[in-house]
Amino acid sequence: MTFVITTGMLVGATMTAAPLVAAAALAELIRNGDFSTGHEPWWSVGVDGFDTATGAFCAGVPDTENPWDVLIGQSDLALADGATYTLTARVRADAPGTLITQVAPKVPDTAYTTYLAESTPLADTWQQISAEFTAHDLGQGTVSELQFRLGANGATRFCVDDVSLVARDAATPPVTPIGDDELLANPTLDESTNPWWTSGPVALSNPAQRMCATVTERSVELGTEPQSYDLPFTTSPAGDYHLGQVQFRLGAVAADTEVCFDEISLQGTAYSYTADPGPAVKVNQVGYLTRGPKRATVVSDASAPLPWTLEAPDGTALATGESQPAGFDASAGLPFTRSTSATSPRKRSM
């Protein structure tokens, strides 16, 4: 007999095709380019330590064979397809060497195509580098990564400061990169396992602020030491959001095996719903009784009564009056004011 055992949670994941957002004039795409707030969100690979105590990002560079052995970079640059950008920075090194400045899509194509790969001789004095490039969608989007490649040099200390990346055309709209919002409820499992659920012959417990599942049937081999997993994935485009599930499938695990989880995280761009309030004046869409009350509601945060006039198609005033502020309607999420008293300058049959 075959069993499928799952434990999981319902989550809402956003579409990958994020909407374009209007950009301010010469919007700066590099975050913390002057390192005034430390090193985040910059990252490094293969360096012999780094610091930002002097207001620049300085790192020890070991003697390596390949340019990509030592990297300093920043990810999630929101570039637009077909737009031209200008990258500038100040750089120096204690010993002569060569810096390769590279900008490329974060998700590469099969040829690992780059938008920019420029070599700069390094010296022990500060120098300004500047380069232009054009971003193109190569099939995986244009959210990109900046890398300062420092490998294949002798041992030295490298510093960079005042990094800037702006579109040549101030009207270029940036593409919104995938965010880092936490999309799971209770990722740390500090108090309980709620709202995680199970299916099949498995029971959940919460010892030592972990989620542990005791499986009562079947078997596969699992390690006895904690292991970490990082599993990136991309959802297909959707009109607004996807409703998804996170599942840990534990079928075929030996009876009485306890499988434990902790620090479960799913990060991306959280879906934010914005209601469309429609027209400001709300009326009965079905109709009104001929001799019954005829009321309308106006979406407004006005605290004082508002004058109103009901006009015929030819502009003739049929009725006038003042509204009565009704305050915030929690069920609709909007402030309202209601029409009340009315004066009819002329009668008209309905």
Side-chain angles (χ1 to χ4, degrees), residues 18 21-62 68 70-80 83-95 97-106 115-133 135 142-151 153 156-182 267-270:
V21 178
L26 294 178
E28 179 58 65
L29 300 179
I30 295 293
R31 303 174 305 283
N32 191 26
D34 60 359
F35 304 98
S36 58
T37 59
H39 73 279
E40 297 289 353
W42 294 86
W43 49 262
S44 60
V45 174
V47 301
D48 284 339
F50 67 86
D51 66 75
T52 57
T54 62
F57 188 105
C58 295
V61 179
W68 55 85
V70 183
L71 304 173
I72 297 170
Q74 187 172 129
S75 302
D76 297 327
L77 303 179
L79 308 186
T84 299
Y85 296 88
T86 301
L87 173 69
T88 58
R90 295 192 308 126
V91 297
R92 65 170 299 276
D94 289 351
T98 300
L99 166 68
I100 299 177
T101 303
Q102 176 177 298
V103 179
K106 186 176 179 180
Y115 301 145
L116 174 70
E118 183 165 302
S119 297
T120 302
L122 292 171
D124 61 359
T125 57
W126 285 102
Q127 59 179 310
Q128 181 87 2
I129 61 174
S130 178
E132 280 197 349
F133 65 89
T142 53
V143 176
S144 300
E145 190 169 84
L146 165 64
Q147 294 182 3
F148 294 114
R149 297 189 158 205
L150 296 159
N153 288 308
T156 186
R157 181 172 174 81
F158 169 80
C159 294
V160 60
D161 198 4
D162 298 326
V163 187
S164 174
L165 178 63
V166 296
R168 187 169 64 184
D169 182 354
T172 300
V175 175
T176 303
I178 296 174
D180 56 3
D181 301 301
E182 179 55 64
Q267 294 185 338
T269 303

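Every heavy atom of this structure was used, including side-chain atoms; hydrogens, water molecules and symmetry mates were not. Just so it is clear, the structure is predicted and the values come from calculations on it, not from any experiment.
Atom-to-atom distance recorded for T37:OG1 and N32:CG is 3.0 Å, nearest 0.5 angstrom. We find the CD-OG1 distance between Q127 and T120 to be 6.5 Å, quoted to the nearest 0.5 Å. Expressed to the nearest 0.5 Å, how far CG of L146 lies from OH of Y115 amounts to 13.5 Å. For the atom pair Q147 CD and T101 OG1, the distance stands at 10.5 Å (nearest 0.5 Å). Residue D162 holds its CG atom at 4.5 Å from CZ of R90, rounded to the nearest 0.5 Å. Between atom OG1 of residue T86 and atom CZ of residue F133 there is a gap of 8.5 Å, rounded to the nearest 0.5 Å.
Each of V70, N153, D94, L122 was checked for a side-chain contact (heavy atoms from CB on, under 4.5 Å) with F158, and the lone residue meeting it is L122. For the pairing with Y85, the side-chain contact (heavy atoms from CB on, under 4.5 Å) check across L165, V166, L116, V103 returns one residue only, L165.
Of all heavy-atom pairs between A89 and F148, the closest is CB-CZ, 4.3 Å. In plain terms, the two heavy atoms of T98 and S119 that are nearest each other are CG2-CB, 4.0 Å. Nearest heavy-atom pair, E28 versus V163, reported as atom, atom and distance to 0.1 Å: OE2-O, 4.5 Å. Q102 and A104 make their closest contact through NE2-CB, 4.1 Å (heavy atoms, listed as atom of the first residue, atom of the second, distance). When all heavy atoms of S144 and P105 are compared, the pair lying nearest together is OG-CA, 3.8 Å. W42 approaches G73 most closely through the heavy-atom pair CE3-O, 3.2 Å.
For W68, the side-chain hydrogen bond (donor to acceptor under 3.5 Å, both in side chains) criterion is met by no residue, not counting sequence neighbours. For D51, the side-chain hydrogen bond (donor to acceptor under 3.5 Å, both in side chains) partners at least two apart in sequence or on another chain are R157.
A 4.5 Å side-chain heavy-atom check between S164 and I30 finds every atom pair outside the cut-off. Using a 4.5 Å cut-off on side-chain heavy atoms (C-beta onward), I72 and F50 make no contact.
Panel note: side chain Q74, backbone R31; a donor-acceptor pair is recorded below 3.5 Å. Checked by atom type and distance alone, the side chain of R92 pairs as donor or acceptor with a backbone atom of D124 at under 3.5 Å. A donor-acceptor contact shorter than 3.5 Å links the side chain of T142 to the backbone of L79. For the pair T156 (side chain) and A95 (backbone), a donor-acceptor distance under 3.5 Å is present.
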Task: W43/L71 under side-chain contact (heavy atoms from CB on, under 4.5 Å): CA gap, chis, key distance, verdict - done: CA-CA 8 Å; W43 49 262; L71 304 173; 3.9 Å; yes
